[in-house]
Number of protein chains: 2
Amino acid sequence: MTTKKKTKDLILDAAEELFAIRGFYGVSIRQITTKAEVDPALASYHFGKKKDIFDAVMLRRAEILNRERIQMLDDCIRRAKPNPAPLHEIIDAFTHALLNRSNKGGKGWRSYFAIIAQINNHPELGGIIMSQYFDPLAKKFLQAIHANMPEANDEDLYWCYHFLSGALTLTFSGTERISKLSDGLCPSNDLDAVHDRLVPFITAGFKAFMNPFTIGR
Amino acid sequence: MTTKKKTKDLILDAAEELFAIRGFYGVSIRQITTKAEVDPALASYHFGKKKDIFDAVMLRRAEILNRERIQMLDDCIRRAKPNPAPLHEIIDAFTHALLNRSNKGGKGWRSYFAIIAQINNHPELGGIIMSQYFDPLAKKFLQAIHANMPEANDEDLYWCYHFLSGALTLTFSGTERISKLSDGLCPSNDLDAVHDRLVPFITAGFKAFMNPFTIGR
DNA sequence: AATATTTTTCAACAATTGTTTAAATATTGT
DNA sequence: ACAATATTTAAACAATTGTTGAAAAATATT
């Protein structure tokens, strides 16, 4: 028995899809409520200001994702005890939930990641939500890496995390761009294929900073 | 003798700075012309539609950058002949002009890269400009890489390029985010430091796909 | 100096923006 | 059943949106 969707979710769904395509400023409340087949005033009634709609959209899935990622990270740390967790497992824990949802999670999830890709490069909009939910995870992740590479330089590791974050982010939004760039060059858009390449790529990148005296080469 | 700046450039400068902060839809023509201290109608007169202003902003510096990058790539290929160019030199040729301008190019260049970071993750706006100017370079770059790693899988290399592009992009826009995330963790925002880490990181990532049978580990 | 062309100004346009108000309807608790 | 609360509707708000038109001023050409 599927109960009828509540107005709040109708608005969030519509907003999510539109924000993904045109960004925060590129979408009007009326466009959202029209798509949701709902009166414009209901947006203000349920959420308040426009920015609050955006925050609500972000919050919905951030909680789910974060729970999953922390879980995976903790699991692989516990499995390896008393040794440090293997590097590629740590990175997999960091990326798996994202790539998996992006691949098999349906349209809503894909829209969500497209928004993330936008605001990750745009601090003004990411605001509290992103910091609140993703920064703590980043810290946990870096700690695990550091346990695996204790001799590595802290600053190096931080930048490596940065590169990982960028590669991951662009992957989300790049689905359409890919087919444009390649004329018969890039074959599959399957995100499983991405995952199989991202993890070794990033792992190798991190490992380049194993020895603190090899910087620059 | 410094001649007074022409209206066209005043508009482009103002637009560049504003687009960098709030994105295309988040900036109005009046905000642009106000910042440029110029009549609103002049925007339409000189450029036409709003999107044309955006395209003009993109075009201005894309030409400069591209010339530099192709030059560097050709140079390092010629230097190495008849051998293939070293991997780290290829990657340096791809990133150096960008990171250098982003670091020492002044406010205008920094705004420009912030816009790139936005539209790189947002196909609708990048449009013709990005494809026209950056895709050919990407192809040249991938060819050079392939010459260095002839046994590597084409699809692998394509994705590696993708990761590089993402890491590079996020680096441009991330300057502000960095100081937020780290409480005493991330030290320097100096982009020279980024460059010294990005190149070995990416080089190592590519090298992980040297042997086509090692995929997945 | 007179003419032609380019650039700038000022005013206005209809359309859309986010948000609020008050009345009508639906839902809930008792 | 009634009363209380929550939700929905429709209309309106002032402000801002991108763009245009016709004069005015500045510049270039002859």
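Protein chains get the first letters and strands the later ones, always in sequence-line order, with residue 1 at the start of each.
- As rounded to whole Å, 18 Å separates atom C1' of D:dT20 from atom CZ of B:Phe47.
- Atom CD1 of A:Ile11 and atom P of D:dT9 are 11 Å apart (whole Å).
- Applying the salt bridge (charged side-chain N to carboxylate O under 4.0 Å, His left out) test to A:Asp52 and every residue at least two apart in sequence or in another chain returns nothing.
- In the region residues 25-41 of chain B, proximity to DNA chain C at under 4.0 angstrom, judged on heavy atoms, holds for B:Arg30, B:Asp39, B:Ala41.
- Taking atom OH on B:Tyr45 and atom C1' on D:dA26, their separation rounds to 11 Å, with Å as the unit.
- Of the charged side-chain nitrogens involved, none lies within less than 4.0 Å of a carboxylate oxygen, so that B:Lys139 and B:Asp135 do not count as a salt-bridged pair.
- A:His195 has its side chain within reach of A:Thr95: a pair of non-hydrogen atoms, C-beta onward, lies under 4.5 Å apart.
- When the side-chain nitrogen and oxygen atoms of B:Ser44 are compared with OP1 and OP2 of D:dG18, none of them lie within a distance under 4.0 Å.
- One interatomic measurement links the two molecules: CZ of B:Phe24 to C1' of D:dG18, which rounds to 10 Å at whole-angstrom precision.
- Atom NZ in A:Lys8 sits about 8 Å away from atom P in D:dT7, given to the nearest Å.
- A donor-acceptor pair is defined here as one N or O able to donate and one able to accept, closer than 3.5 Å; such a pair exists between the side chain of A:Gln118 and the backbone of A:Ala20.
- Reading DNA chain C from its 5' end, the first and the last nucleotide to sit under 4.0 Å from a heavy atom of chain B are C:dT6 to C:dA12.
- Spacing between atom CG of B:Asp52 and atom P of D:dG18 amounts to 13 Å, rounded to whole angstrom units.
- In this view, B:Arg79 and B:Glu89 satisfy the salt bridge (charged side-chain N to carboxylate O under 4.0 Å, His left out) rule, not counting sequence neighbours.
- Using bins of under 30°, 30° to 60° and over 60° for the plane-to-plane angle, the ring pair A:Phe141/A:Tyr161 lands in the tilted bin.
- Each of A:His46 and B:Lys50 was assigned the nucleotide of DNA chain D with the nearest heavy atom; the assignment lying further toward the 5' end belongs to A:His46.
- The structure places CD1 of A:Ile70 at 12.0 Å from CG of A:Asp75, a figure rounded to the nearest 0.5 Å.
- Residues forming a salt bridge (charged side-chain N to carboxylate O under 4.0 Å, His left out) with B:Glu68 (at least two apart in sequence, or on another chain): B:Arg101.
- When every heavy atom of B:Leu73 is checked against every heavy atom of B:Ala144, the shortest pair comes out as CD1-CB, 4.1 Å.
- In this structure, A:Arg60 pairs ionically with A:Asp13, as a charged nitrogen and a carboxylate oxygen lie closer than 4.0 Å.
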For DNA chain C, the dot-bracket pattern of Watson-Crick and G-U pairs whose distances stay under 3.5 Å, | for other-strand partners: .|.|||.||||||||||.|||||||||||.
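- In this structure the side chain of A:Asn103 never reaches within 4.5 angstrom of the side chain of A:Val194, judged on heavy atoms.
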